[in-house]
Structures are given as structure tokens and as C-alpha cells.
2 protein chains.
Amino acid sequence: MSTATVSRALRGLPHVSVETRDTIKRIAAELGYVPSSNASGLARGRTDAFGVLVPSFTEWFGATVLEGVDRELRKANFDLVIYEIGTSAQQRERVFNRSLLRNRTDALLALCIDFTPVEREQLASDDLPAVMIGGSVRGIRGIGIDERATARQATEHLLALGHHDIVHLNGNPEIGLNPLVALGRRKGFEEALTAAGVAVDPRRHVFGDFSLAAARTAMNAVLATSAQRPTAVFASSDEMAIGAILAAWDHGLRVPDDLSVIGIDGHPLGVSFGLTTLAQDPAGQGALAVSTLLNELNGHGRRVRFPRAPTTFISRSTTGPAP
Amino acid sequence: MSTATVSRALRGLPHVSVETRDTIKRIAAELGYVPSSNASGLARGRTDAFGVLVPSFTEWFGATVLEGVDRELRKANFDLVIYEIGTSAQQRERVFNRSLLRNRTDALLALCIDFTPVEREQLASDDLPAVMIGGSVRGIRGIGIDERATARQATEHLLALGHHDIVHLNGNPEIGLNPLVALGRRKGFEEALTAAGVAVDPRRHVFGDFSLAAARTAMNAVLATSAQRPTAVFASSDEMAIGAILAAWDHGLRVPDDLSVIGIDGHPLGVSFGLTTLAQDPAGQGALAVSTLLNELNGHGRRVRFPRAPTTFISRSTTGPAP
DNA sequence: TTGAAAGCGGTACCAG
DNA sequence: CTGGTACCGCTTTCAA
């Protein structure tokens, strides 16, 4: 058998007789033969791998996106190369100067990262197809929910229940993540208020760092010092919403009787707290990004733009009528 | 310039004049040249990448290990290829038959996975250096805490506070993860009880699936039906411990006044609940595995055995004297 | 110090 | 349907 025939047989290409193919496959299995991805990749100019840039492994959104990415990649027999790039510019520079451009991947996914203009330029100039998940950025295609509309919907839910004094527990836009998400959610919150004829009070804009602990601290401060207590909280993430619930408990307040809380995300922990939320589907977003890029790599269609990722209102038990 | 000289210059090898090297580096930078990892890997018989098998992206232990693995890999300019292999044997077979043996990685890390004998054999026969993190398995080197001693220490803490009726909230050993961790923790629990002259009551062995929600449900059942209420809970993981705390709250019980709770892990969420726990350092375990394997790949030393990973007692506010 | 040339392990084109 | 054979882009040995 020539190497050519073996190669064809093993990859399921045509022009190989059935019996030849079977023989080759059997022997390959016996020998435990597996082609070298390096050699194959070199010859084909492909790597059969996607790269993903994540801000952190331990953060829910990114991890859940990876779940979907991996699922879709696995179907296509692609591998997944992950680069964790914290919020430090130094780490990021390393990745950009070396790994990204190292031709180890056929495409790139970035998770809600706040790229610098230089980085965006590098990404664009590089021929690697790239998509950003969790908030789009100029120059790179993005897939994500409609931040503003989602925030508005959450706020409207609270308004409809009669709440007028609502705290917006938001993420700080300056922590290296894509600032557009915090900004967009703020905007949607204010829009809803304004549309309902409720005044926007800047003191009700509180920062919880997108983390449970920080949100709890921030809300504790609000509940401790406010001359007048808010009756509801709109949190830009479920983890912050749970922090708000714990803060309410810290103050002996009942949820939702004394304080209503709504979040965004659909974090699994929300179930345990009966959290009302607007759920998104990070795994679905990741899977969509992969299948689209895979399609484009195969020459089917070019440069699709993504529609807004869907969001689902999940009504549980942390929101109720204003007291 | 010949390709040979360029190759030497760019990789910092000797036998290149300083000025030649500088020129080459400058031009390479201008051109944005980056060597193809495939070609380089093919020529050197190396991939400069590690593979990691994780049960799930969204589970705390694995994600935290990845954090440490990535940190150490990045230092060495290695890339990280991740294979998520749920608990389904089918998915795993895919990985084993294809990816693992695909020569995309120089070494393999597996996170607390319950390999079948066949899989173990494949791993062993393959020349890939491998280490298992979070519970060792026959045939593969492992790095992890001393399950039994840690569980015993946690239980002893409770006993010392005067508790005699202790529930062990354990993980179910049959969910695809390494069963030795649940078994070892059970053993340590019973040892401590026996050493203290306390009878082991099988009805106090409750399964929480290593998850918060399941643990809460399980504990709710205990608290609802027990003729006599336990005064303390030893949970095999912090997430389950938090589930127990929520269950206590569900029943209007105060922690630790009515029920003491201790966990194992050092999960960040524990901080928010004041959880007393025996913390381990998953990132450190991952980093150690990587640096060791890296060393061995470079020919320095061979087949190190790992000492037990350390554990730290963190006393917070969920344990107190028995009522 | 530098360059020439032989692989590394596949793929793909072309001829038989 | 099958085999021969130039590469793919880089590393490495050997000479110059």
C-alpha cells in the first residue's frame, strides 16, 4: 500500500475500493496508528483547531460558552486551544505577540474582552477569522444579547410591579472586560425609567464588579446608609443579584416582600435562590459562533453577521409588588 | 539569509553573530512573521502543547486547576488544548480513539476522571506522559490531597466541638468522577467517628451529588424527616456545604447555633457564607503537575512521584459548639 | 558564523 | 483504483 492510498482510505476520500479501505482501516486499528496532526496540518495548511481567548476559567459566562464551543468543535473533529488572558495588559501582550499568530488555530473566538485599538488592528490584519462572544467590538464580528433591550425589559418588569426606587447594581466598566455590556445595560435601565416618567438618580447606580461578594458589600452599604430604602434591585448579572439577596438577608429584609431583585444571565445558582432573571444562552452563542466559522472555513458562505442572541424571561420568586 | 540562520536567530540559538540576529529579528517583527507551529513541531517531533481532560468546564475544581495549568504552561510558551469529556462513556470513547492519540500534545493531564481499565491501558501504552489531578488511579501518577486524612480532620473538628450526631453529605461515587475521592472521604469520616467512640450510622450517609442544589434537597429531606435532628454536617465539598446551609435556613435553623457545617475545598463562594472548610489549592496542583512534566520532557529527572497536596484549615463561622 | 540539503509525516496532483 | 512524487515550513547536521 502506498502512503497515498492509506491517506485516502483513512480519511474517507473517494477512489479507494471498499476492500482496500477495510484492510487499511483494520491494520491501522491494530497498529494503533494515528496520523500526526502536525504533518497533516502542515501539508493541508490547516490545523483543525480553534483558539479561544477567555478572561478567566472560573467565571460562569466564559465557562458556559466553552461548553457550547467544545460541543460543536467535537462534532467536526476539531480541537480546542484555550488562552486565558486575564485583565492584565501584560498577559495579553504575550498572547498577542506569540500564540495568536502562531498559526496553531484556524479561527479565533474571543470572550467579552475589551481589546485595545492595537489589538483590534492585529486581529483584523491577521487573516484568522475571528468572532467575539458576549458583546461586539468595532472591527470584529460579535455575537451577544441586546444589552440595552434586555436591561430595559428587566427594569420594566420592576416598574410594572409598582417599584419606583430601583437600584441598578451594575458591573464596573473599567475592569478589562468589554465595557459596552455595562454601558448598554445602564442605558437600558435609564431608558425604561425615563419612559415610565421616573427620575434617574445617579446615587442608585451602584457597582458590584460583576461578582457576588462585591455586589453584596455594595448593597449592604446602600441598605445601611440610605435614608430611604430602595424597594427593588436590577442587577446586571445573576451573581450580583444573589449578592443583593444576601445583603437583604443581612439586614433582616425579606425578598421579595421588602426588596425585589431581578438579574440577567440564567446562572444555575439562581435556581437555588428562586431568582427572577432574563436568561441568556452562552453555550448556544458559543456553538453558533463555531458552526458559523466552520461553515465559512469550508467555503460555504462568507462573513455572516450574527443576529442578536435570544433572551428568556424566567419568573421565579424574587420579584413582587412594591410594598 | 538562509532559513537555517533565520531559524537559529529567532530561537536564540548560539552560532549567530549579534548583528545578524538583530537584523533578522527586526525584519521578522516588521513582517509580522511567526513560525508555523505545525512545521516546527513536525521537524522537532514536539508540539509544545499540553492536553487536559476535564469533566466539565463549569465545575469549580477543574476550572481552578486549569488556571494553574495555564499559568505554568504560559511561562514555558506552551499551549493548552482542552478536551471536555462529560461523564458519558460515549464522549470519552471519541476522545480516546481520536484526539488523545492524535499527537497534538506532548503530555496529558486528566482531572479526577474515573477511567475504565481499557482507558487506563491505552493511556499507559501510549508514550504520552500523563498525570491525574484530583485523585490518583492505578497505572497513572496522581496528584491530590489525602482524602482520608482531610475528611478525618474535618470530622474531628466537629467532634471536638461536642457534636455526636453528624451527617456526612457525600458525593455519589457513581457519577463518572473518580470514585476514590468519595470513598476516601467516607472512610476518613468513619475513622474519626470510630476513634472517638461514636457509632457510625449509615442513615447519616447522605448523597448530594457534589452539587449545591442536590445537597440542599438531600439535607432538606434529612431535616424534615429525622426524628432526631443532626447537630452538624460534614460535607465532602464546599458547594454541598452551602447547600446544607441553605437547607438549614429553609427550616428556620440558624448556623452554627442549631447546625454546624464544615466543607472541603476552599471554594470562593464559601467566603460569602462564612463557611468553615479545609481548603485545597487546585491551581497549585495543576501548576505542579505542569512544571514537573515540563521538567521531565526536558530530560531533567524521570517519573517523579507526587507528595500529597496540602490542605489548610480555614475557620470561619459555620461551626460552633454542639447545642 | 553561515549556507546547503536531507528529512519530519502527511497530502495531493499526476500518471499509469 | 492505485502508486509515484513533489511539496508543506521548519530544524538540524554537515561543510564551507
Side-chain angles (χ1 to χ4, degrees), chain A residues 1-49 76-79 81 97-106 126-128 297-299, chain B residues 1-49 76-79 81 97-106 126-128 297-299:
Chain A
M1 298 288 153
S2 73
T3 63
T5 306
V6 172
S7 177
R8 282 186 293 248
L10 256 25
R11 289 184 304 150
L13 296 186
H15 308 299
V16 182
S17 76
V18 183
E19 48 184 32
T20 305
R21 185 188 304 279
D22 286 347
T23 311
I24 291 178
K25 281 195 170 172
R26 187 175 46 72
I27 297 188
E30 278 173 15
L31 265 46
Y33 168 81
V34 175
S36 147
S37 64
N38 273 337
S40 161
L42 178 56
R44 293 179 309 146
R46 280 261 204 147
T47 64
D48 284 2
N77 265 263
F78 267 59
D79 286 326
V81 183
N97 285 335
R98 204 198 99 250
S99 310
L100 278 199
L101 310 159
R102 196 171 173 178
N103 309 40
R104 200 191 272 290
T105 64
D106 293 338
D126 210 286
D127 54 10
L128 269 192
L297 285 179
N298 293 333
Chain B
M1 298 285 152
S2 73
T3 63
T5 306
V6 172
S7 177
R8 282 186 293 247
L10 255 25
R11 288 184 305 148
L13 296 186
H15 308 299
V16 182
S17 76
V18 183
E19 49 184 32
T20 305
R21 185 188 305 279
D22 287 348
T23 310
I24 290 178
K25 282 195 170 172
R26 186 175 46 72
I27 298 187
E30 278 173 15
L31 265 46
Y33 168 80
V34 175
S36 146
S37 65
N38 272 338
S40 160
L42 177 56
R44 292 178 311 147
R46 280 262 205 146
T47 63
D48 284 1
N77 265 263
F78 268 58
D79 287 327
V81 183
N97 285 337
R98 202 199 100 252
S99 310
L100 280 198
L101 310 159
R102 195 171 174 178
N103 309 41
R104 199 191 273 289
T105 64
D106 292 338
D126 210 285
D127 53 10
L128 268 193
L297 285 179
N298 293 334

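All of these numbers come straight from a predicted model, not from anything done at the bench. Below, chain A is the first sequence line, B the second, and so on; all start at residue 1.
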Please report the closest heavy-atom contact between [X] and [Y], naming both atoms and the distance.
| X | Y | value |
| --- | --- | --- |
| A:Phe78 | A:Leu297 | CE2-CD1, 4.5 Å |
| B:Asp48 | A:Arg104 | O-NH2, 3.1 Å |
| B:Ala39 | A:Leu42 | CB-CD1, 3.7 Å |

Whole angstrom is fine here: how far is it from [atom1] in [X] over to [atom2] in [N]?
| X | N | atom1 | atom2 | result |
| --- | --- | --- | --- | --- |
| B:Ile24 | D:dC10 | CD1 | P | 13 Å |
| B:Tyr33 | D:dG9 | OH | C1' | 7 Å |
| A:Met1 | D:dT5 | CE | P | 19 Å |
| A:Leu42 | D:dC10 | CG | C1' | 8 Å |
| B:Asp48 | D:dT11 | CG | C1' | 13 Å |

Holding to side-chain hydrogen bond (donor to acceptor under 3.5 Å, both in side chains), I want the full list of residues that pass it with [X], two or more places apart in sequence or in another chain.
| X | result |
| --- | --- |
| A:Ser17 | A:Thr20 |
| B:Thr3 | none |
| B:Thr47 | B:Asp106 |

>> Strictly by side chain to side chain donor-acceptor pair (under 3.5 Å), give each pair with a member in residues 33-43 of chain A just once, sequence neighbours left out.
In response: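 As it turns out, the side chain to side chain donor-acceptor pair (under 3.5 Å) pairs with a partner in residues 33-43 of chain A, which skip direct neighbours, are A:Ser40-A:Arg44.
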
> Does anything in residues 10-23 of chain B reach DNA chain C, meaning a heavy atom under 4.0 Å, and if so which residues?
Replying inline: B:His15, B:Val16, B:Ser17, B:Thr20

>> What's the angle between the local helix axes at either end of the helix from C:dT1-D:dA16 to C:dG16-D:dC1, using five pairs per end and rounding to 10 degrees?
In response: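 The helix from C:dT1-D:dA16 to C:dG16-D:dC1 shows an end-to-end axis angle of 30°.
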
>> Taking the nucleotide of DNA chain C with the nearest heavy atom to each, does A:Gly41 or B:Ser2 sit closer to the 5' end?
In response: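 Closest to the 5' end, via its nearest nucleotide, is B:Ser2.
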
>> Tell me whether the side-chain N/O atoms of B:Ser7 come closer than 4.0 Å to OP1 or OP2 in D:dT11.
In response: yes

Output every pair passing salt bridge (charged side-chain N to carboxylate O under 4.0 Å, His left out) with a member in [range], not counting sequence neighbours, ordered by first then second residue.
| range | value |
| --- | --- |
| residues 25-35 of chain A | A:Arg26-A:Glu30 |
| residues 31-40 of chain A | none |
| residues 3-22 of chain A | none |

Dump the pairs, protein N or O against N or O of nucleotides 13-16 of chain D, anything under 3.5 Å, distances to one decimal.
none

>> Can you give me the first and the last nucleotide of DNA chain C (5' to 3') that has an atom within less than 4.0 angstrom of a non-hydrogen atom in chain A?
In response: C:dG9 to C:dC13

>> Taking side chain to side chain contact (heavy atoms under 4.5 Å, CB included) as the definition, give me every residue that meets it alongside A:Val6, ordered by chain and number, with sequence neighbours left out.
In response: A:Met1, A:Leu10, A:Ile24

>> A side-chain contact here means heavy atoms from C-beta on lying under 4.5 Å apart; do B:Thr105 and B:Leu128 qualify?
In response: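 Yes, side chains in contact.
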
